[in-house]
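Here the structure is laid out as structure tokens; the discussion comes afterwards.
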Amino acid sequence: MRMSKLFFHSLREAPAEAELVSHQLMLRAGLIRQVTSGIFEYLPLGMRVKHKIERLLREEMDRVDGQEMVMPVALPAELWRKSGRWYAVGDDLMRMKDRTGRDMCLAMTHEEVMADLVARSVNSYRHLPIVMYQIQTKFRDEPRPRGGMLRVREFTMKDAYSFHVDQADLDDYYPRMYEAYFRVFRRAGLDVVAIESDMGIMGGTMAHEFMAMSDIGEDTIVQCRGCTYRANRQVASFRKDPPPAAEPLPMEEVHTPGTDTIAALADMLDTDTAQTAKALFLVALLSEQDQNREQFVFCVVRGDMELNETKLTNAINAVHLRPATEAEIRVVGAEPGFGSPVGVDRGQVMVVVDDLVCESPNLVAGANRPDWHYRNVNCGRDYGADLVTDIVNADNGHACPVCGGELYLQRGVEVGNTFKLGTKYSESLGAYYQDEKGDSHPIVMASYGIGVGRLIACIIENFNDEDGIQWPLSVAPYQVHLVCLAPAGQTEVWDKAEALYGELSEAGLEVLYDDRQERAGVKFNDADLVGIPLQIAVGRRGLAQGKVELKLRRSSERHMLDADNVCGELNPHLQAEQAWLDDLLALPVPD
RNA sequence: CGGGGAGUAGCGCAGCCCGGUUAGCGCACAGCGUUUGGGACGCUGGGGUCGGAGGUUCAAAUCCUCUCUCCCCGACCA
């Protein structure tokens with residue numbers, strides 16, 4: 001490609017709205033442009049990168065028996081009503097009506113349509129298993145898009161779906177897809193970790209998230225220093241070490257003016273926050289099975305712990321949680337800031353207590369009247385619970401649930417996920433098959449997603465320096481950036497550059513040829529910004545020695561190549577660029 | 001939805017507090033000339049509903065009201 005013809009306008013300064021390096025570089029290098037919040041255009045260079053990633057995805061999906069197809073973006077509400085997600089999903093689902101007034105939506109994922117397709121076409125065990133995938137546009141009306149391509153509303157996703165006769169067959173297949181995911185990310189230059197995760201609104205029995213570890217990530221990953229345990233903080237458990245058992249002491253009231261925080265309370269009573277119980281008031285929207293009613297939830301966690309809303313949501317089978325208002329809190333007989341499970345109206349509230357609280361004797365808890373607390377409150381004796389379970393966050397320094405080692409927190413970007421869905425969608429959309437005996441069973445289903453734009457952003461976050469992007473060869477928009485340094489009059493240099501452009505292209509290389517009438521500095525800077533791995537500079541100075549200059553973008557190494565054998569001498573460097581990706585790919589796939 | 005910040009030329013910004021000719025600067029863009037291996041220089045030029053709508057005033061980018069958009073933190077996140 002000749003740069004003189006390329007739709008390309010580099011920016012010397014990044015637009016003010018871009019904070020993340022990846023976002024700034026994508027804009028400055030002319031890969032993308034934002035149209036409105038969370039909605040982007042891919043410009044020609046960005047499109048090349050996108051195609052490279054899509055090619056990787058196709059190759060790896062095909063390797064695990066995936067068959068490519070494509071589903072529509074605009075879908076009838078009917079399918080989403082059948083699965084229940086028309087109601088379960090909130091405003092993230094972009095809803096609209098067609099001209100006849102029929103409810104429609106833009107697909108945010110395709111479990112329903114896929115299950116519907118299979119329901120209509122597959123009816124025998126002989127047809128299973130099936131794996132299908134697509135690389136297609138998703139729309140999710142995010143409340144807050146952020147970080148450039150990190151969280152957007154419209155995006156390209158590779159989503160794959162597999163269908164099996166039973167759980168065992170899925171369990172058998174799943175590791176193949178899991179490995180394919182590692183291969184995709186590693187071939188793109190990214191090392192990732194796979195972690196246990198929450199199922200969220202997908203439903204199902206088990207899920208993994210593939211995380212690119214990075215401080216810009218929106219997810220928190222809990223990892224063990226001693227073993228391989230890792231999980232999303234939303235679901236991470238930890239070993240809770242209860243304090244020594246003690247004889248329950250008589251409960252007594254204590255005057256604690258102004259102590260409406262745990263820290264102030266522990267301070268005044270000269271005790272540890274671990275000796276206190278914290279009350280939290282939430283209102284849960286319960287699931288459809290529970291008639292979508294609102295339920296006041298009274299949570300008790302130890303003062304040194306944080307409530308984990310995902311765990312709580314799952315524990316009580318809620319659709320949504322919100323903080324209770326002061327008025328709601330008073331109605332059930334509690335006092336904001338001095339709330340206590342002792343004496344609340346059990347008829348109106350659901351009391352959920354973290355299991356550690358029940359094993360911690362003689363805690364300080366609120367007295368449900370301003371400026372007063374109780375000492376020596378004991379779960380079971382002084383108040384009852386509707387549910388006792390783990391509802392708190394794992395934190396730095398907690399003990400690993402597997403080996404007891406020290407846990408630590410790190411941020412990560414979710415670049416992919418896999419869900420064992422079970423039969424939720426098969427049953428609701430009628431995807432059943434007949435076995436050898438003629439008995440009917442719901443098809444066991446799984447889905448697997450990778451966000452293309454987010455992956456590109458992660459790659460750039462990982463591979464950049466102060467001058468620009470440093471693409472891994474596998475996903476670079478072009479392999480070679482040929483730069484002609486000559487001013488207009490130097491025909492012998494131009495002739496050589498033109499000849500080289502032909503030769504390199506002829507040799508099957510993807511060449512971006514800077515034939516613009518620009519000064520050398522501009523071309524060098526644009527080349528560094530765009531970040532193609534191999535830069536070849538053709539100029540009078542080198543040609544006088546019969547040489548052209550090769551610069552490796554990642555290492556900044558320079559080599560003089562024989563101008564008459566550029567292809568030959570370039571080859572080892574190309575192979576070296578590929579080699580480190582191969583090394584990454586060769587690493588064992590973690591469990 | 002809560003908190004914070006910002007909208008002035010394609011990009012980066014100044015001007016606003018304290019209202020007053022044709023709204024400025026750098027980069028980018030066009031023409032001419034000189035330059036030509038790490039973001040050149042000179043001259044000339046084009047490009048603006050000052051986010052929008054109301055209002056105050058002799059006069060509004062500037063003051064007031066409403067509103068839209070974008071960014072950041074939080075909530076949310078299939």
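Note: hydrogens, waters and symmetry copies are ignored here, and every other heavy atom, side chains too, is used.
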*A/R151 CZ to B/rC76 C1', straight-line distance once rounded to whole Å*: 9 Å
_Could you tell me the Watson-Crick or G-U partner of B/rC29, where both distances fall under 3.5 Å? Say none if there is no partner._
B/rG45
*Would you indicate what A/E218 reaches in the nucleic acid, counting non-hydrogen atoms under 4.0 angstrom: base, sugar-phosphate, or nothing?*
nothing
*Complementary nucleotide for B/rA14 - Watson-Crick or wobble, under 3.5 Å*: none
_Sugar-phosphate, base or nothing in reach of A/P15, heavy atoms under 4.0 Å_ = sugar-phosphate
_Please tell me whether A/F298 and A/F281 form a close aromatic pair, meaning their ring centres lie under 6.0 Å apart._
yes
*Mind checking A/A16 for me? I need base, sugar-phosphate or nothing, with any heavy atom below 4.0 Å counting as a touch.*
sugar-phosphate
*Compare every heavy atom of A/A119 with every heavy atom of A/L429, then report the nearest pair and how far apart it is.*
O-CB, 3.4 Å
*Give A/D219 one of three labels, base, sugar-phosphate or nothing, depending on what nucleic acid heavy atoms sit under 4.0 Å from its own.*
nothing
*Considering only the P atoms, how many Å lie between B/rC29 and B/rG74, rounded to the nearest integer?*
39 Å
_Pairwise P distance, B/rA9 and B/rC50 [rounded to whole Å]_ = 10 Å
*What is the distance, rounded to the nearest whole Å, between atom CH2 of A/W494 and atom P of B/rG37?*
13 Å
*Under 4.0 angstrom, heavy atoms only, what part of the nucleic acid is A/E19 near: base, sugar-phosphate, or nothing?*
sugar-phosphate
*Looking at A/F419, A/Y174, A/Y181, which one forms a ring pair (Phe, Tyr, Trp, His ring centres under 6.0 Å) with A/H208?*
A/Y174
*Select from A/A14 and A/R153 the residue whose nearest nucleotide in RNA chain B is closer to the 5' end of that strand.*
A/A14
*Atom CD of A/E142 to atom P of B/rC71: distance rounded to whole Å?*
13 Å
_Given B/rU36, B/rG37, B/rG39, the nucleotide with the shortest approach to the side chain of A/P487_ = B/rU36
*Whole Å only: how far is the CD atom of A/E414 from the C1' atom of B/rC76?*
14 Å
*asked:* Does the structure show a Watson-Crick or G-U wobble partner for B/rA9, both distances under 3.5 Å? Name it, or say none.
replied: none
*Sort out the partner of B/rG20 for me: Watson-Crick or G-U wobble, both distances under 3.5 Å, none otherwise.*
B/rC58
_Spacing of the C1' atoms in B/rU49 and B/rG54 (rounded, Å)_ = 16 Å
*Does any non-hydrogen side-chain atom of A/F185 lie less than 4.5 Å from one of A/L455?*
yes
*Side chain A/R516 and base B/rG39 donor-acceptor under 3.5 Å*: no
*Under 4.0 Å between a side-chain N/O of A/Q490 and OP1 or OP2 of B/rG37, yes or no?*
no
_What is the separation between atom CD on A/E13 and atom C1' on B/rG26, rounded to the nearest whole Å?_
8 Å
_Touch class at under 4.0 angstrom, heavy-atom based, for A/D526 against every strand present_ = base
*Could you give the distance separating B/rG51 and B/rU8 at their C1' atoms, to the nearest angstrom?*
10 Å
*Considering only atom C1', compute the distance from B/rA23 to B/rU65 and round it to an integer number of Å.*
25 Å
*Given B/rC11, B/rU69, B/rG74, the nucleotide with the shortest approach to the side chain of A/R144*: B/rG74
*asked:* Less than 4.0 angstrom between a side-chain N/O of A/R519 and OP1 or OP2 of B/rU36, yes or no?
replied: no
*If B/rG2 has a Watson-Crick or G-U wobble mate with both distances under 3.5 Å, name it; if not, just say none.*
B/rC73
*Closer to the 5' end of RNA chain B via nearest nucleotide, is it A/K523 or A/E111?*
A/K523
*asked:* In whole Å, measure the gap between the P atoms of B/rA60 and B/rG52 for me.
replied: 15 Å
*With both distances under 3.5 Å as the test, what is the Watson-Crick or G-U wobble partner of B/rA40?*
B/rU34
_I want to verify a distance call: between B/rG37, B/rU69, B/rC29, whose nearest atom is closest to the A/E518 side chain?_
B/rC29
*What does A/G489 touch in the nucleic acid at a heavy-atom separation under 4.0 angstrom: a base, only the sugar-phosphate, or nothing?*
nothing
*asked:* Rounding to an integer number of Å, can you tell me how far A/L27 CG sits from B/rG12 P?
replied: 10 Å
*asked:* Using a heavy-atom cut-off of 4.0 Å across all strands, would you classify A/G451 as base, sugar-phosphate, or nothing?
replied: nothing
*Within the structure shown, what part of the strands sits under 4.0 Å from A/Q24 by heavy-atom distance: base, sugar-phosphate, or nothing?*
nothing
*From B/rG37, B/rG39, B/rA75, pick the nucleotide closest to the side chain of A/R541?*
B/rG37
*Say whether A/Y513 and A/E498, considering side chains only, have a donor N or O and an acceptor N or O under 3.5 Å apart.*
yes
*Mind checking the P distance from B/rC11 to B/rU67? Whole angstroms is fine.*
27 Å
_Show, in sequence, the C-alpha distance, side-chain angles and deciding distance for A/F163 and A/Y173, and conclude whether the ring pair (Phe, Tyr, Trp, His ring centres under 6.0 Å) test is met._
CA-CA 10 Å; A/F163 300 87; A/Y173 176 76; over 10 Å; no
*Pair A/K158 + A/E68: basic N to acidic O under 4.0 Å*: no
*asked:* Does A/R146 reach a base, just sugar-phosphate, or nothing at all? Heavy atoms under 4.0 Å.
replied: base
*P spacing across the pair B/rG19 / B/rC64, given as an integer number of angstrom*: 11 Å
*Quickly work out the A/D141 CG to B/rC77 P distance and round it to whole Å.*
15 Å
*Is the A/Y178-A/F210 ring centre distance short of 6.0 angstrom?*
yes
*Derivation and outcome, salt bridge (charged side-chain N to carboxylate O under 4.0 Å, His left out), residues A/D141 and A/R153*: CA-CA 5 Å; A/D141 198 5; A/R153 297 196 290 170; 2.9 Å; yes
*From the list B/rG74, B/rC70, B/rA28, which nucleotide is the closest neighbour of the side chain of A/R12?*
B/rA28
_For atom CG of A/L150 and atom C1' of B/rC77, their distance in whole Å_ = 12 Å
*Compare the minimum distances between each of B/rC70, B/rG38, B/rA40 and the side chain of A/F524, then state the nucleotide with the smallest one.*
B/rG38
